[in-house]
Trainee: 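Encoded as structure tokens, here's the structure I'll be asking about.
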Protein chains: 2
Amino acid sequence: MVTLKDIAKHANVSTATISRYLSSNIVVKKETEEKIQRAIKELGYVTNVVAKSLKHMETFNVAVILPKINNLYYSEMTSGISQILGQHHYNLYIYEVDNLNLSEIEIIQLMRENMIAGIVFIGLFSDRSFKDSIHDVMSWNIPAVYANRCIPYDGFPLLYPDLTKASQLGAEHLLSKGKHKIAYVHNQLPDDLLDHFIDGFKQASHSDDTPTMIEIKEGMDLAKDCIPHLLRNDIDGVFVLNEMSAVHLTKALVDCQISIPKDMAVLSLGNSLISQISTPELSCVDLQNRELGIRSAEMILSQIRKEAFAPVTVLEPFIVERKST
Amino acid sequence: MVTLKDIAKHANVSTATISRYLSSNIVVKKETEEKIQRAIKELGYVTNVVAKSLKHMETFNVAVILPKINNLYYSEMTSGISQILGQHHYNLYIYEVDNLNLSEIEIIQLMRENMIAGIVFIGLFSDRSFKDSIHDVMSWNIPAVYANRCIPYDGFPLLYPDLTKASQLGAEHLLSKGKHKIAYVHNQLPDDLLDHFIDGFKQASHSDDTPTMIEIKEGMDLAKDCIPHLLRNDIDGVFVLNEMSAVHLTKALVDCQISIPKDMAVLSLGNSLISQISTPELSCVDLQNRELGIRSAEMILSQIRKEAFAPVTVLEPFIVERKST
DNA sequence: TTGTAAGCGTTATCAT
DNA sequence: ATGATAACGCTTACAA
């Protein structure tokens with residue numbers, strides 16, 4: 001490996017001069033500059049970031065901790081993060097929790113050992129893992145962001161889509177399509193989260209009515225269990241709070257020869273590729289995944305630079321209308 | 001930050017003893033061990049991996065360089081890589097080329113600066129970028145793997161799915177379904193790659209016949225341009241060499257009221273979520289993306305450990321039959 | 001404008 | 001079994 005010392009010797013200047021010339025924009029005699037440049041080229045010098053990191057006691061590595069990367073939901077956010085970090089010359093580590101046989105504590109420990117510059121925690125909005133760990137992380141002055149959750153503010157930077165608004169927009173959209181008997185379908189979401197959706201529905205319907213709530217349980221057969229339930233209640237519009245379930249329900253409805261959107265409108269929460277691929281193409285409420293990633297990264301960078309920033313960012317969802325409503 | 005020095009002072013032993021106790025499994029007096037353990041706990045020491053890396057002149061960071069992460073094709077491979085690296089306590093860097101405003105040279109430079117332990121290059125099989133850079137990387141003794149390409153062996157570790165076999169399996173499958181007028185649909189694949197597919201077709205048909213080759217051009221309307229072409233040639237089975245295109249073509253066929261698979265069987269190359277979501281669900285040739293990732297990571301680790309390994313790994317595709325054939 | 005030297009946290013060599 | 005110390009490559013007072 002070619003070091004500063006090597007080019008110092010080769011160029012007949014001190015390492016200090018070269019270091020200054022390379023790092024700061026400090027003035028150097030033309031002659032010295034030429035000598036240095038020649039030496040760098042001739043010996044093929046490349047700077048050693050690890051040594052720099054040790055000296056400065058900081059790295060340019062930001063970690064994203066998520067359940068798994070092979071999921072469009074997470075990978076879209078990650079891509080947003082990657083974009084911003086790249087622009088600012090930070091590197092991106094990925095840790096897949098579902099894939100790593102490490103406990104939460106071990107992963108957090110890893111962050112400290114590696115002098116990680118900042119951490120983005122990503123999870124489903126019903127997930128509460130790592131919640132306590134974040135306080136540890138912050139107490140060690142590691143910038144952190146908890147992204148895509150919807151939990152009460154608890155002293156750490158938070159970022160999530162406005163689910164009440166999402167619900168309101170969704171319900172309004174269904175209503176505007178002449179659907180008046182609306183059901184919300186979800187995969188075992190916790191009650192406090194469902195409350196957000198119920199609130200949104202009330203705002204949309206200008207009433208105190210509650211939508212029919214239908215829970216999809218693990219291994220349930222939609223055509224046998226869910227659709228009869230829908231029909232029995234004369235439902236004419238469903239808002240499915242999980243994109244994948246929306247796709248499956250749509251498939252089941254088509255199999256049951258129920259016309260979409262005439263007899264049943266289907267609205268999905270989340271707008272990845274799969275909503276577009278589904279037949280019919282699904283209308284959906286876009287939760288802005290990429291933007292969520294972008295903002296997360298920006299919040300991390302603000303913290304690193306000790307700039308002011310809003311500790312809680314709430315993103316506005318919007319409707320994307322396609323064929324299913 | 002609590003350092004070895006700090007706990008040395010606190011425990012009244014030398015840094016050398018602690019370092020040895022922590023890193024090697026060298027014997028220490030019971031009394032010393034207790035003193036050290038107590039000091040570590042009381043001061044909250046965590047080891048500094050950056051300092052270790054500088055000392056040892058090696059990191060535990062492996063980089064994956066890919067076009068973009070928000071694509072099931074790449075994220076599935078990446079997840080496989082992540083799984084293996086995690087098991088061996090390596091960290092995973094991700095660099096999205098499409099997202100990073102860096103030239104190939106700059107990215108490679110970055111790898112050197114950061115003392116990356118190994119690099120997995122991932123790309124579409126029609127892509128040839130980074131091909132030359134790999135020789136540079138290897139000349140600097142950075143372990144590297146070129147994954148998911150199908151290019152002639154050129155002195156660097158290679159890993160790809162057997163496309164000729166994939167073609168053969170696909171053609172055999174369509175033939176076995178009674179389809180005799182078969183077309184291959186692709187998105188502007190280069191000729192040398194198409195040759196593999198043509199070879200596979202010949203092997204399947206035990207003849208020297210060539211399948212009808214149809215090229216999808218940027219912005220082409222499948223219903224208007226592609227399907228009439230198919231019909232004109234009495235095609236009754238298509239093998240689409242790109243999963244996304246297979247989905248789109250299927251949609252277009254359904255719109256044109258062509259019955260799948262009765263009037264037209266559709267087979268897709270690649271087996272991600274989207275083939276399952278498509279209506280009808282697509283039969284496909286699975287290229288083993290996750291396994292490709294797993295093997296890539298293993299090849300990197302072998303190189304790092306200077307173990308023997310096969311420089312070229314070819315993975316066997318297999319048929320997954322669903323509703324479209 | 002340039003050089004000298006100490007030090008970032010760790011490990012390894014050589015003594016003791 | 002343990003300690004003193006140099007070194008990994010780089011930066012930065014301080015001096016010249």
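Predicted model, so just to flag it, every value in this text is computed and none were measured. Just so it is clear: chains get the letters A, B, ... in the order the sequence lines come, proteins before strands, and each one is counted from 1.
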Trainee: What contact category does A:Val50 fall into here, base, sugar-phosphate, or nothing, at under 4.0 angstrom with non-hydrogen atoms?
Mentor: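 Touches nothing.
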Trainee: At under 4.0 Å between heavy atoms, what does A:Asp6 touch on the DNA or RNA strands: base, sugar-phosphate, or nothing?
Mentor: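 Contact class for A:Asp6: none.
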Trainee: Check the orientation of B:Tyr146 and B:Phe121. Use parallel for under 30°, tilted for 30 to 60°, and perpendicular for over 60°.
Mentor: perpendicular
Trainee: Name every donor-acceptor pair, under 3.5 Å, that has one atom in a side chain of residues 31-43 of chain B and the other anywhere in the protein, sequence neighbours excluded.
Mentor:
{"unit_1": "B:Glu33", "atom_1": "OE2", "unit_2": "B:Tyr21", "atom_2": "OH", "d": "3.0"}
{"unit_1": "B:Gln37", "atom_1": "NE2", "unit_2": "B:Tyr21", "atom_2": "OH", "d": "2.9"}
{"unit_1": "B:Glu42", "atom_1": "OE1", "unit_2": "B:His10", "atom_2": "NE2", "d": "3.4"}

Trainee: Using a 3.5 Å distance criterion without hydrogens, assess whether the side chain of B:Ser302 forms a donor-acceptor pair with backbone atoms of B:Glu298.
Mentor: yes
Trainee: Any chance you could list the contact pattern along nucleotides 9-16 of chain C? Use B for base contacts, S for sugar-phosphate-only contacts and - for none, protein heavy atoms under 4.0 Å, 5' to 3'.
Mentor: BBBBB---
Trainee: What integer distance in Å separates A:Ile7:CD1 from D:dG9:C1'?
Mentor: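 It works out to 11 Å between those atoms.
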Trainee: Could you tell me how far apart A:Ile26 (CD1) and C:dT1 (C1') are, to the nearest whole angstrom?
Mentor: 10 Å
Trainee: Restricting to salt bridge (Lys or Arg N to Asp or Glu O under 4.0 Å), what partner residues turn up for B:Asp192, sequence neighbours left out?
Mentor: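 B:Arg128.
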Trainee: Is the backbone N or O of A:Asn99 less than 3.5 Å from a side-chain atom of B:Gln83, with the two atoms forming a donor-acceptor pair by type?
Mentor: no
Trainee: Output the residues of residues 111-119 of chain B in contact with DNA chain D, where contact means a heavy atom of the residue under 4.0 Å from an atom of the strand; sort by number or write none.
Mentor: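 Per residue number, the list is empty: none.
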Trainee: Who are the salt bridge (Lys or Arg N to Asp or Glu O under 4.0 Å) partners of A:Glu113, not counting sequence neighbours?
Mentor: none
Trainee: From CD1 of B:Ile36 over to P of D:dT2, roughly how many Å is that when rounded to an integer?
Mentor: 8 Å
Trainee: B:His135: which residues meet the ring-ring contact (aromatic ring centres under 6.0 Å, His included) condition with it, sequence neighbours left out?
Mentor: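 For B:His135 the ring-ring contact (aromatic ring centres under 6.0 Å, His included) partners, ignoring immediate neighbours, are B:Phe156.
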Trainee: Do the side chain of A:Asn114 and the main chain of A:Ile116 share a donor and acceptor less than 3.5 angstrom apart?
Mentor: no
